[in-house]
Amino acid sequence: MAQLDQHRRLLLAALLALPAARPVRAAAASSERVGEPLAPWLPGWLDIHHIATGRGNATFVMLPDGTSLLVDAGASLNALDVSVAPRPDASRRPGEWIGRYAARHLRRAGLDGLDYLLATHLHPDHTGDVNESSPIAAGGAYRLGGVTDVAEQLRVRTLIDRGYPDYAYPQRIDAPFWRNYLAFAGARRKAGLAVERFRVGSAAQIAARGHRPSPHRFEVRNVAANGEVWTGEGEGSRKLFPDLATLPRADWPSENQCSVAIRIGYGNFSYFTAGDLTSYTNDGVLPWQDVLGPAARAAGPVTVATADHHGMFDGLNGDVVRSLRPRVWVIPSWHIAHPDMLQLERMFSERLYPGPREVLATTVMRENLLANGRLTRRMLSHDGHVLVRVAPGGERLQLVVTDNRNEQDIVRLAPPAILLTPG
């Protein structure tokens, strides 16, 4: 037993020490230097920050003209036996760290306020959890946690979610996090602030605000929500879910299956993310529950994709991976079950699609690193904020991992840039 424990310790130490399993095939030198602070966003660049708080999903996007978008602001209250310790630490709530992260990068760009806050679906690790000890917001209408913490620090010009205005489809959830988010949305409406329902197929809902000049056009396409999926042409969409009246209540769509998906396009670069959207069909019994597959087919192929639902068992099936076939996978992970072994197998599989690819995660627990060591050792990174930085016009891609143990934005990993070609 002592020898087994020693073997585990040595394996874990080796896994945690690995910066990468293999070099990135590149066409340009990195502009970031390991050990130095991250350079600020500049006009014409596209920055996609996957924020690693260890408590859920949060992706901060600086679009080429300075338009800002925050996709989710997770703040799970899970215990440390199943979740990593909060990052940078527990002195602030996760939503506070997310708000400070976004504010810091906006300030460095000479900007303030969030243009868009997009809630993919109403679960604590995406919009925030609260309990009786959570502080009350300044206006007194709701508690602070996740999205509401961000809104307390930053002016949010437009809030977009899948459920506005009544949040009744497919059914309401009787839980504090659900009621708190609805109270937040209601308070915004009462104050005359923008709250919008996500419009599937639209490329105008999340639009350029023109804060800074940029000669290159970009697009944020609304791909899926509530079981409705973009057709891939114009603003057309189609519905996948049957009428609820035809289904047993136990088979009604889940909150995850209703999750929002978007695609960002910029020159030769494209990016797909879909919150907790899944492809699992109960082994073929309920085929309409696969929303991620049709969404991936409409959006792909792409340059970078997130492994949705944190790389859990019900996320990426083979069809999704073949459709997206990204050069880079980012796993928004924080729980002991993130990522699943089969999901990693598919992300790395050249049987599903050929060519090099990199896999990075925001935070992988030690227990998962041990259980999936054969595959996690192939990952480029498994801890830290993951930045996807795209040069003006979408001509090249830079991956950067920064330290999530403080707020200094120190670069931990910056492999050579990747030249992007059309198609």
Side-chain angles (χ1 to χ4, degrees), residues 12-24 30-41 47-62 70-76 83-90 92 94 97-98 100-102 104-105 108 125 271 273 304-307 310-311 328-336 338-339 344 347 357-369 372 375-390 397-418:
L12 178 58
L15 286 170
L16 295 177
L18 281 174
R22 54 187 172 80
V24 179
S30 169
S31 60
E32 303 297 335
R33 295 185 180 276
V34 173
E36 296 184 1
L38 177 71
W41 170 90
D47 282 2
I48 305 174
H49 301 252
H50 303 86
I51 304 174
T53 65
R55 297 282 101 185
N57 283 33
T59 304
F60 174 65
V61 183
M62 288 287 290
L70 181 66
V71 183
D72 289 334
S76 167
S83 298
V84 296
R87 310 291 175 86
D89 56 46
R92 299 181 187 275
W97 290 123
I98 294 166
R100 289 168 65 90
Y101 187 102
R104 182 167 71 250
H105 289 278
R108 295 182 72 195
D125 56 327
Y271 172 84
T273 190
V304 178
T306 55
H310 323 285
V328 177
W329 289 102
V330 180
I331 309 171
S333 52
W334 52 274
H335 187 273
I336 193 171
H338 307 162
L344 283 172
M347 281 181 263
R357 79 284 312 268
E358 308 305 328
V359 179
L360 304 90
T362 50
T363 312
V364 181
M365 288 188 70
R366 293 185 173 189
E367 292 83 351
N368 191 292
L369 288 172
N372 296 324
L375 295 164
T376 53
R377 66 166 55 95
R378 297 177 61 186
M379 294 169 60
L380 188 63
S381 175
H382 42 64
D383 192 28
H385 307 300
V386 178
L387 169 62
V388 175
R389 173 162 280 180
V390 185
L397 162 67
Q398 173 71 60
L399 295 173
V400 184
V401 178
T402 60
D403 199 339
N404 63 347
R405 296 171 296 182
N406 53 53
E407 294 185 300
Q408 297 176 22
D409 298 312
I410 301 300
V411 174
R412 295 177 61 181
L413 181 68
I418 302 168

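Across Pro88 and Asn406, no two heavy atoms sit closer than the pair CB-N, 3.8 Å. Closest non-hydrogen pair, Pro40 versus Arg108, comes out as CD-NH2, 3.4 Å. Contact between Trp334 and Ser83 at its shortest, heavy atoms only, is CZ3-OG, 3.3 Å. When every heavy atom of Gly384 is checked against every heavy atom of Val401, the shortest pair comes out as CA-CG1, 4.0 Å. Across every non-hydrogen atom of Ala307 and Ile331, the tightest pair is CB-CG1, 3.9 Å.
For the pair His310 (side chain) and Ser333 (backbone), a donor-acceptor distance under 3.5 Å is absent. Panel note: side chain Arg357, backbone Met347; a donor-acceptor pair is recorded below 3.5 Å. The backbone N or O of Pro37 sits nowhere less than 3.5 Å from a side-chain atom of Gln408 that would complete a donor-acceptor pair. Looking only at distances, a side-chain donor or acceptor of Asp403 sits under 3.5 Å from a matching main-chain atom of Arg405. Side-chain atoms of Gln398 come within 3.5 Å of backbone N or O of Pro415 as a donor-acceptor pair. In this structure a side-chain-to-backbone donor-acceptor pair under 3.5 Å is present from Asn368 to Ile336. Between the side chain of Arg55 and the backbone N or O of Val84, at least one donor-acceptor pair lies under 3.5 Å.
Of the inter-residue distances, the one linking Asn404 atom CG with Asp89 atom CG reads 11.0 Å to the nearest 0.5 angstrom. Separation of atoms OG (Ser76) and CG (Asn57) is listed at 11.0 Å; rounding is to 0.5 Å. Within the model, atoms OG of Ser381 and CG of Leu399 stand 10.0 Å from one another, a figure rounded to the nearest 0.5 Å. Within the model, atoms CG of Leu360 and NE2 of His382 stand 10.5 Å from one another, a figure rounded to the nearest 0.5 Å. Put simply, CD1 on Ile98 and OG1 on Thr53 are 5.0 Å apart, with the number rounded to the nearest 0.5 Å. Rounding to the nearest 0.5 Å places OG1 of Thr362 at 10.5 Å from CD1 of Ile51.
For the pair Val388/Leu397, a side-chain contact is recorded, criterion being any heavy-atom separation below 4.5 Å from C-beta on. Residues Glu32 and Leu38 are in side-chain contact: their nearest non-hydrogen atoms beyond the backbone lie under 4.5 Å apart.
By the ring pair (Phe, Tyr, Trp, His ring centres under 6.0 Å) test, His50 is found to be paired with Tyr271, residues two or more places apart in sequence or in another chain being considered. Contacts of Arg104 classified as salt bridge (Lys or Arg N to Asp or Glu O under 4.0 Å), with partners at least two apart in sequence or in another chain: Glu407, Asp409. Legend: residues meeting salt bridge (Lys or Arg N to Asp or Glu O under 4.0 Å) with Arg87, ordered by chain and number and at least two apart, are Asp383. Applying the side-chain contact (heavy atoms from CB on, under 4.5 Å) rule to Arg92 yields the partners Glu96, Trp97, Arg100; only residues at least two apart in sequence or on another chain are considered. With sequence neighbours excluded, the residues that form a ring pair (Phe, Tyr, Trp, His ring centres under 6.0 Å) with His49 are Phe60, Tyr101, His105. Taking the ring pair (Phe, Tyr, Trp, His ring centres under 6.0 Å) definition, one finds that His335 meets it with His338, sequence neighbours left out.
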